[in-house]
Structures are given as C-alpha cells and as structure tokens.
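Here is how names work: the chains are called A, B, and so on, in the same order as the sequence lines, proteins then strands, and each is numbered from 1. In this text, all values refer to a predicted model and were calculated from it rather than measured experimentally.
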Amino acid sequence: MPFFQQVYALTRSIPMGKVTTYGELAKALGTRDARRVGHALHANPDQSTPCHRVVSKDGRLAPNYAFGGNLEQRAKLIEEEVTFLDQEHVDLKKHLYRPTPPDL
DNA sequence: CCGTTGACCCTTC
DNA sequence: AGAAGGGCCAACG
C-alpha cells in the first residue's frame with residue numbers, strides 16, 4: 001500500500017472529537033518524515049480524508065488547508081466538539097488521538 | 001534530469 | 001533555556 005494511502009487510512013481512522021499530529025502518523029507508519037504526511041494531506045484529492053483532524057505537534061492547524069482555509073478546518077473541529085486553546089491551536093491534552101498502524 | 005522546497009519532528013550543541 | 005542540524009522523500013521549476 002502506498003504511503004499516501006496509509007496516511008489517508010489512518011486519518012480516516014481518527015474518531016470524532018479527536019485530533020492527531022503529523023509526527024504520530026509518521027511514526028505510526030514507520031518513518032520520521034512528517035513532511036510526507038503533511039504533503040499527502042495537502043495532495044488529498046477531496047474531503048474523503050478528514051485532514052482537519054490532523055494538526056502539528058503544538059496542536060496548530062495547517063496554514064494552507066486545502067478546502068476553504070484553516071477557518072473551515074477550525075469550524076469542522078468545533079463541529080466535532082473539539083475544544084480550542086486559541087484560533088489556531090486545539091487542545092491536544094484532551095483530544096490527542098494515537099493512530100494504530102494497519103499492518104503491525 | 002538535478003536542485004530546491006516543503007501542512008514537520010526530533011536530537012544534539 | 002534557545003539555536004542549529006539531521007532525517008526522509010515527493011512535487012515543482
């Protein structure tokens with residue numbers, strides 16, 4: 001399975017009200033390169049992948065969110081009942097979700 | 001085809 | 001405590 005597909009799979013595997021980080025996804029997939037994870041989500045063809053549930057290690061949202069910008073991303077997270085520390089940071093202490101590698 | 005860039009993170013100085 | 005460097009690889013010019 002392509003790396004991208006694994007990223008999409010784990011991202012879709014994130015339950016509602018939960019958020020994960022690029023690093024967690026990268027490590028879960030067996031690599032340190034979180035950039036590919038980010039790039040994969042950016043290259044995401046459509047909303048089939050909830051990239052709004054994927055944030056940076058500090059809980060910061062993506063500066064160049066694919067659909068409608070980080071405003072839409074934040075709105076979706078709020079719809080998921082995810083609490084925000086500020087306009088760009090989610091509460092990882094409450095909503096940090098750790099993905100599980102599909103082939104491990 | 002080669003070089004640079006990049007939704008990033010972690011370790012060492 | 002902060003700064004610098006290493007990693008790993010696809011997409012863009």
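Note that A:Arg53 lies outside the cation-pi zone of A:Tyr97, set by a 6.0 Å cut-off to the ring centre and a 45° limit from the axis.
Among the candidates A:Thr83, A:Val90, A:Ile14, A:Leu77, the single residue satisfying the side chain to side chain contact (heavy atoms under 4.5 Å, CB included) test with A:His95 is A:Thr83.
Picking from B:dA7, C:dC8, B:dC9 the nucleotide with the shortest atom distance to the side chain of A:Ala34 gives B:dC9. The side chain of A:Asn64 lies closest to B:dA7 when the candidates are B:dC8, B:dA7, C:dC9. For A:Pro63, whose side chain is taken as the heavy atoms from C-beta onward, the closest listed nucleotide among C:dC9, B:dC9, B:dA7 is B:dA7. Comparing C:dC9, B:dC10, C:dA11 against the side chain of A:His39 picks out C:dA11 as the nearest. Picking from B:dA7, B:dC10, C:dC9 the nucleotide with the shortest atom distance to the side chain of A:His42 gives B:dA7.
Taking only distance into account, the side chain of A:Arg35 meets the base of C:dC8 through a donor-acceptor pair shorter than 3.5 Å.
Between A:Asp33 atom CG and B:dT5 atom C1' the separation is 13 Å, expressed in whole Å. Atom CZ of A:Arg36 and atom C1' of B:dC8 are 12 Å apart (whole Å). The nearest whole Å value for the distance from the CG atom in A:Leu92 to the P atom in B:dC9 is 10 Å. Between A:Leu29 atom CG and C:dC8 atom C1' there is a gap of 13 Å when expressed in whole angstrom units. A:Lys27 places its NZ atom 16 Å from the P atom of B:dC8, with the value rounded to the nearest Å. Put simply, CD on A:Glu88 is 15 Å from P on B:dA7, counting in whole angstrom units. One atom, CG of A:Leu41, and another, P of C:dC9, lie 18 Å apart when rounded to the nearest Å. Rounded to whole Å, the distance from CG on A:Asp58 to P on B:dC9 is 7 Å.
Atom CZ of A:Arg12 is surrounded by more than 12 heavy atoms from other residues, nucleotides or ligands within 6.0 Å.
Using P as the reference atom, B:dT4 and C:dG6 are 15 Å apart when rounded to the nearest Å. The separation of B:dT5 from C:dG5, taken at their P atoms, amounts to 16 Å, rounded to a whole angstrom.
Using a 4.0 Å heavy-atom cutoff across all strands shown, A:Ala43 reaches no nucleic acid atom at all. Contact annotation for A:Phe3: no contact, since no heavy-atom pair falls under 4.0 Å across all strands.
Remark: the backbone N or O of A:Cys51 is not paired with any side-chain donor or acceptor of A:Thr11 at under 3.5 angstrom.
Two residues, A:Arg32 and A:Phe4, neighbour DNA chain C, and the one matched to the more 5' nucleotide by heavy-atom proximity is A:Arg32.
Taking 4.5 Å as the limit, some side-chain heavy atom of A:Tyr65 sits within range of a side-chain heavy atom of A:His52.
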